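Residue numbers start from 1 in every chain, and the chains themselves are labelled A, B, ... in the order their sequence lines are given, proteins ahead of strands. Since the model is a prediction, treat every value here as computed from it, not as a measurement.
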Protein chains: 2
Amino acid sequence: MTQATAYRAAIVHCLADPARAGLDASYAHYEDGVLVVADGQISDIGPAEQVLARQPANIQVLHFENKLVTAGFIDTHIHFPQTEMIASYGEQLLDWLNNYTFPEEGRFADPLHAKRVASFFLDELLRNGTTTAMVFGTVHKASVEAFFTESDRRNMRMIAGKVMMDRHAPDYLLDTPESSYVDSKDLIARWHNKGRQLYAVTPRFAPTSTAEQLEVAGRLLQEHEDVYLQTHLSENTQEVAWVKALFPERAGYLDVYDHFGLLGPRSVFAHALHLEQAECERMAATDSVISFCPTSNLFLGSGLLDLPELERHQVRVGLGTDVGAGTSFSMLRTISEAYKIQQLQQHKLHPLKALYLATLGGARALSLDDKIGNLAMGKEADFVVLDLHATPLIQMRMKNTHNLFEQLFVLMMLGDDRVIAQTYIAGRRQYRRN
Amino acid sequence: MTQATAYRAAIVHCLADPARAGLDASYAHYEDGVLVVADGQISDIGPAEQVLARQPANIQVLHFENKLVTAGFIDTHIHFPQTEMIASYGEQLLDWLNNYTFPEEGRFADPLHAKRVASFFLDELLRNGTTTAMVFGTVHKASVEAFFTESDRRNMRMIAGKVMMDRHAPDYLLDTPESSYVDSKDLIARWHNKGRQLYAVTPRFAPTSTAEQLEVAGRLLQEHEDVYLQTHLSENTQEVAWVKALFPERAGYLDVYDHFGLLGPRSVFAHALHLEQAECERMAATDSVISFCPTSNLFLGSGLLDLPELERHQVRVGLGTDVGAGTSFSMLRTISEAYKIQQLQQHKLHPLKALYLATLGGARALSLDDKIGNLAMGKEADFVVLDLHATPLIQMRMKNTHNLFEQLFVLMMLGDDRVIAQTYIAGRRQYRRN
C-alpha cells in the first residue's frame, strides 16, 4: 500500500437522488472535512477531527482554503472528434451534421490527428473537472485506439466506442456491417476493462445505419454482456420524421433500436427530447438511460427536456455536454443551462439535484456507481477542488451566500473552468489551474 | 490637442444594421488596421498603411497581436444594486422580486454601501468590455448619486435613474409621487449631461407605481425633453395579468405606459416578451425601444423573444444583461444565449447581427449613435481589445476558422470576460486583464 494522503477542506458529495431520498438524506457536507486517499481509492472521509483521530499521526495533510471538494464530474455524452468544430454557426441538427460534422470527422482517418485531438480533449475535460465521460469516436477504428491510448495514459475512467455508420454520410465516413463488427470486436478485445477503459458499441443514430448494421450492433451487445451501447434518439423533429420514413415497419424511433435489441441498463441515448408516452414507458421498462445535453439542445434549437416527466417515469438521466454541438466542456455551464431549460417549463432544478446529476447520478446512469460518483470509502479517488473565489464576481457573491446550496448555485450559475482549481484522477493530481 | 495614439491591430466595427443594409455594407474590417485616438475621440481609422501615411511620422503606435479591436459593448438594461444577488435560486419574476430583490435593494439606503457596489459594478462592466449601460438604481436617491459619482470618475457614458415605486413593495422601498418627482428632478439637474452622464426617468414597472406616480413620470419627461425613460414591460405572463387587473380601464400593459405619455424614441422597455400584435405596432409607431435580455429571460423562465418579428415591425432592439436576473455581465455570454433563444424558434442570429446589437444597435437603441457604437471618426473612443487566444479552447478553435464571421462566432459562443484583454474609455485604458 502506498502512503495515504489526507485532503482537508470543505467537502460535499451526494449519497442518493434528492428526488427519491429527500434533500437531507441525499448528501454529506463537512465544513471542515478530511478526505483520505490511498492506492488511488478513498479510504476515509468525514469531519476533520474524527478522521484525523483515526489516521496515523504522521499522515500527510494538504489544506485547501476557500475551496470545496467534491466528486469529479461525469459527462454522459460527448464527441471527442468534434472538439475543433465546437461553435459552428447557424444550423440545426441534420444540416449541421452534413455541413460541419462529417467533414471534420473525416480528418480522423489520420491517427496522428486523432492522437493530437484526443490529447487536447482529455486535457480540456480535466481543466473542467470532468473525470469520466461517455465518448463518441469517429467511424475510424484508429480514432478510438488513439482515444483509449491517451485516456489510459491519464488513467481516466472513460467509456468510448467507434462510430458505426454505413449509409447517409459521405463515402469517406462509411463502414459496412461486417467491418464495423470486426473493428468493434477488436477494440473491445483490446480495450474493454483494460485499466479504467470501457467500450461502448456506437451506432451513430438510426438514419446512418442499415438494418443489417443495427443487427450487428445487437449481436455485439449479446456477445459481450457488460459492454455499453451509446447512440442518439429523438433529438430533432425532422430527424424523428426521417427515422419513421426509413423504418416504416417500426412503431417509432425508439422501436427501431428496441427491435435490434439495443435497449437495456447499459444503453445510453442522447437527447430523447421528443419521446412519445409509450417510448418513455419503454425506456423505463428496459432501464435504458437518457443523456440530457442542455447546451447542445439550445445551440441546435432541438428542444427542451422535461426532467420531472422522466423522473415520474423513473428513467435514469445523466448530464452531457455533447461537445461539439454543446458549447462548453464545463459541467457547471451545462448545469446552468439545464436550470434555464427547466425554468422555461416552470420547473425548479435544485442545486443539489444538479450536483447529483453531474456526479452520482451520472455514475448511476453509466452503471458505475459502485466505482465512482461520490467520495464514499472504497470508491476510485476521482475528485475536484472547486475554488469559491474563482473570479472577482464569484468571490464577491460568495460573501452574500448563507448555506451550502446557495454556494453551489453560485458556482453553477457563474462558474466555468476557472472554478476548477485542481482535478484528481485515482488519487493523483492531473490538473492544477495556473 | 493632446498627443494622438495609434492602435494597430485587426479591427472590425459596424456601420449599419445587417438586416437593412445587407451583410457586406454593414461593417468594416481591417485585418491590419490602425485606429487613431486624440482628445478622447477617434480621429482616424482604416488600413494600417493608409492611416499611418497620413499621420505624423512620430505618432506613437501600439501593436496588438492576436487581437481584434472593436467598439465597446452597450448594455441596454441592467440593475447595479442587484450585483450582489446575481444567481439567486429558484423563482420566477414576481416571487424573485419579493424574496430576493426587494430585501437586497433595501441595503442601498446606505450611501457607503451604494458607493461600494457601484464601484465593483462599474469595474465588472469594464472587465467585460461594456463601456455604456442603461442602469437602474434603487428607490434611494443616494444610490443614483453614488452611481453617477463612480461612473463620472471613470468617465464612462452611462444612463441611470432612481427607481420610482410607490406601492406593492416593502415600506422601506416606497417613495411617493411627490418625493419621486422632487428626487428625480434634482438628480436630473445634478447629473444629466454632466460629463458623459445621462438621466433616465425610472418607474420600476406598472405594478409598483400608482397612476399618480406614472403621471409624474410623464411630467418629468415633458419637462426635460432629452432625458430617457426606462422601465419593464410584459416580462412574465403573471405580471401581464396583474397589470391588466390593476389597470382595467387600459387596453393592455403597454397602454398603461402610453396613457401616461411614457412612450417615445428615448423610452426603453426591458423584455417585452408577451406583446400583442397591436402593442408591437404601437411600439413601432412611437419609435419606442425594447431591451432583449437573454440570460435573464432564461434564468427566470420568462419566455423567448422573437427578434425577426420585432424587426418586421421595425422596432429598435438593444441587448441587455439584466443583472441580477441575468446571469452574466458579459455581452458575449448574452449573445450566446440570444443565439440559442433564436435557434429554439428556428431563427438564425448571424454573428455580425449580434455584434451590431451589442455595439451600434445598442447605441441606436439609446439614441447615442452620434457619439458611440462604432469606431467612426469623431466618435468617442470607447473600444475593446478582444483576445483571439483568450483560453486554450478558443485559441485551438481559432485555428479552425476561415473568416471574420467564424472568428466572431467563436468569441461569442466560447467567450466570457477573459476575451476582453483591454477596455478603453474615451481613449484611456480603464481595464487590462491580468
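Contact of B:Phe405 with chain A is not made at all, since no heavy-atom distance falls under 4.5 Å. Of the two parts of B:Leu349, only the backbone, made up of N, CA, C and O, holds a non-hydrogen atom closer than 4.5 Å to a non-hydrogen atom of chain A.
With chain B as partner, the option from A:Met413, A:Met412, A:Met396 having the largest number of non-hydrogen pairs under 4.5 angstrom is A:Met396.
Residues meeting the side-chain contact (heavy atoms from CB on, under 4.5 Å) test with B:Ala272, sequence neighbours left out: B:Leu233, B:Leu275, B:Ile290.
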Between chain A and chain B: donor-acceptor pairs at under 3.5 Å:
| from | atom 1 | to | atom 2 | distance (Å) |
| --- | --- | --- | --- | --- |
| A:Glu84 | O | B:Arg397 | NE | 3.4 |
| A:Glu84 | O | B:Asn400 | ND2 | 2.7 |
| A:Ile86 | O | B:Arg397 | NE | 2.4 |
| A:Ile86 | O | B:Arg397 | NH2 | 3.3 |
| A:Ala87 | O | B:Arg397 | NH2 | 3.3 |
| A:Ser88 | OG | B:Arg397 | NH2 | 3.3 |
| A:Gly90 | N | B:Tyr339 | OH | 2.7 |
| A:Gly90 | O | B:Lys348 | NZ | 3.4 |
| A:Glu91 | O | B:Gln343 | NE2 | 3.1 |
| A:Gln92 | NE2 | B:Gln343 | O | 2.9 |
| A:Glu104 | OE1 | B:Asn400 | ND2 | 3.3 |
| A:Phe299 | O | B:Gln343 | NE2 | 2.7 |
| A:Thr327 | OG1 | B:Lys340 | NZ | 2.7 |
| A:Glu337 | OE1 | B:Lys340 | NZ | 2.8 |
| A:Glu337 | OE2 | B:Lys340 | NZ | 3.0 |
| A:Tyr339 | OH | B:Gly90 | N | 2.7 |
| A:Lys340 | NZ | B:Thr327 | OG1 | 2.8 |
| A:Lys340 | NZ | B:Glu337 | OE1 | 2.7 |
| A:Lys340 | NZ | B:Glu337 | OE2 | 3.0 |
| A:Gln343 | O | B:Gln92 | NE2 | 2.9 |
| A:Gln343 | NE2 | B:Glu91 | O | 3.1 |
| A:Gln343 | NE2 | B:Phe299 | O | 2.7 |
| A:Lys348 | NZ | B:Gly90 | O | 3.4 |
| A:Arg397 | NE | B:Glu84 | O | 3.4 |
| A:Arg397 | NE | B:Ile86 | O | 2.3 |
| A:Arg397 | NH2 | B:Ile86 | O | 3.3 |
| A:Arg397 | NH2 | B:Ala87 | O | 3.3 |
| A:Arg397 | NH2 | B:Ser88 | OG | 3.3 |
| A:Asn400 | ND2 | B:Glu84 | O | 2.7 |
| A:Asn400 | ND2 | B:Glu104 | OE1 | 3.4 |
| A:Asp417 | OD1 | B:Arg418 | NH1 | 3.4 |
| A:Asp417 | OD1 | B:Arg418 | NH2 | 2.8 |
| A:Asp417 | OD2 | B:Arg418 | NH1 | 2.8 |
| A:Arg418 | NH1 | B:Asp417 | OD1 | 3.4 |
| A:Arg418 | NH1 | B:Asp417 | OD2 | 2.8 |
| A:Arg418 | NH2 | B:Asp417 | OD1 | 2.8 |

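In terms of heavy atoms, A:Val410 sits closest to B:Ala87 at CG2-O, 4.3 Å. A pairwise comparison of heavy atoms in B:Leu393 and A:Phe329 identifies CD1-CE1, 3.7 Å as the closest pair.
For the atom pair CD1 (B:Ile341) and CG (A:Leu298), the distance works out to 8.5 Å, reported to the nearest 0.5 Å.
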